[in-house]
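Working notes, structure below.
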Amino acid sequence: MLRIGELAALAGVTTRTIRHYHQVGLLAEPPRTAAGYRLYGMADVVRLIRIRRLAALGMSLPDIGRVLSPRQDLREALADLDADLAREEEAVRRQRAMLAELMHTGRDPALTPELGHIFAELEQIFPAHPLLERERETITLLEAAAPETARALTGVYRTSMGDERLQRRMWDIGLRFEALRDASPDDPEVAALAAELADAMRPFMDAVSAGGPAGTVSGETLSAMMVDALSPAQRRVVELLTP
């Protein structure tokens with residue numbers, strides 16, 4: 001017969017772990033000596049090793065309890081665990097592929113791959129311009145707060161990659177919007193810019209005008225944050241664009 005310290009050393013676990021297994025019912029309480037020491041037999045050693053190995057495979061303690069139950073088919077339980085691990089392995093593979101792509105390209109992880117590619121091209125045309133960073137922040141927040149509008153804006157970006165005239169037009173609109181930061185909401189440029197932006201985005205706004213699911217609370221909060229960051233004149237442009 002073995003005492004708890006001897007059992008722990010033999011099975012490769014700690015005495016604290018064994019006591020925890022007793023508490024959760026994975027390991028039955030063994031008989032005790034007159035002095036109160038637990039005494040374990042070979043069946044306890046075998047069960048503890050099985051518990052340790054199943055835990056190392058990623059199985060939860062409740063699942064281990066079911067697997068080691070006489071009513072549970074061990075092969076079936078292990079097959080279920082193998083399927084779970086395969087799904088986790090595939091998820092890790094996708095994460096590593098994304099990380100490799102981010103490390104290779106230096107793309108902002110907040111952007112979708114398509115937008116990351118678009119902004120990389122824009123940086124080649126308009127290098128180190130502060131407007132690009134603000135555009136990145138805007139589209140990132142839009143994707144969370146107003147995904148349909150974000151998709152429409154992405155359509156503008158995508159089309160502009162093959163249309164130098166549209167590209168320059170959108171860039172000019174962005175610069176004019178930035179210039180309104182110190183302007184009055186009554187400045188004639190406000191209405192003119194809103195009309196210009198609406199005209200530029202009209203071909204891409206079908207999904208938005210058709211209507212979509214109501215915004216979430218978090219989306220509404222982000223939208224409010226975006227608007228709060230604007231100047232009064234810029235905010236008026238946004239209001240004029242809102243149907």
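Sequence positions, counted from 1, serve as the residue numbers for this chain. Worth saying up front: this structure is predicted, and the values here are computed from it rather than measured.
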Handout entry: Validation row: Val237, Leu240 side chains within 4.5 angstrom (heavy atoms)
Key = no
Connected via hydrophobic side-chain network under 4.5 Å: [X] and [Y]:
X	Y	result
Tyr37	Val13	no
Leu7	Leu68	yes
Val45	Leu27	yes
Met1	Val46	no

Can you tell me how far [atom2] of [Y] sits from [atom1] of [X], rounded to the nearest 0.5 angstrom?
X	Y	atom1	atom2	answer
Ile49	Leu54	CD1	CG	12.0 Å
Glu6	Thr15	CD	OG1	12.5 Å
Ile51	Leu61	CD1	CG	8.5 Å
Tyr21	Asp44	OH	CG	14.0 Å
Asp182	Asp187	CG	CG	11.0 Å
His20	Thr17	NE2	OG1	8.0 Å

Checking the side chain of [X] only, and the main-chain atoms of [Y] only, is there a donor and an acceptor separated by less than 3.5 Å?
X	Y	result
Glu196	Ile173	no
Ser231	Leu180	yes
Arg96	Ala91	no
Arg38	Ile4	no

Has [X] got more than 12 heavy atoms of other residues, nucleotides or ligands less than 6.0 Å from its [atom1]?
X	atom1	result
Arg181	CZ	yes
Arg32	CZ	yes
Glu29	CD	yes

Practice task
Let me see the working for Leu230 and Phe177 under side chain to side chain contact (heavy atoms under 4.5 Å, CB included), right down to the final yes or no.
Solution key: CA-CA 10 Å; Leu230 301 177; Phe177 188 79; 4.0 Å; yes
Exercise for the section: Using the salt bridge (charged side-chain N to carboxylate O under 4.0 Å, His left out) rule, take Arg236 and Glu239 through it: C-alpha gap first, then chi angles, then the decisive distance, then the call. Expected result: CA-CA 5 Å; Arg236 182 58 183 153; Glu239 290 170 356; 3.2 Å; yes
Completion exercise
Arg176 meets the salt bridge (Lys or Arg N to Asp or Glu O under 4.0 Å) criterion, sequence neighbours left out, with Asp172, Glu189
Minimum heavy-atom separation for [X] to [Y], with atom names?
X	Y	value
His22	Pro30	CE1-CD, 3.7 Å
Thr14	Ala8	C-CB, 3.9 Å
Leu48	Ala11	CD2-CB, 3.4 Å
Met59	Val67	SD-CG2, 3.5 Å
Tyr40	Arg3	CD1-C, 4.1 Å
Ala233	Ser184	CB-O, 3.7 Å

Handout entry: Trace of the salt bridge (charged side-chain N to carboxylate O under 4.0 Å, His left out) decision for Arg87 with Glu90
Key = CA-CA 5 Å; Arg87 285 189 289 271; Glu90 175 60 20; over 6 Å; no
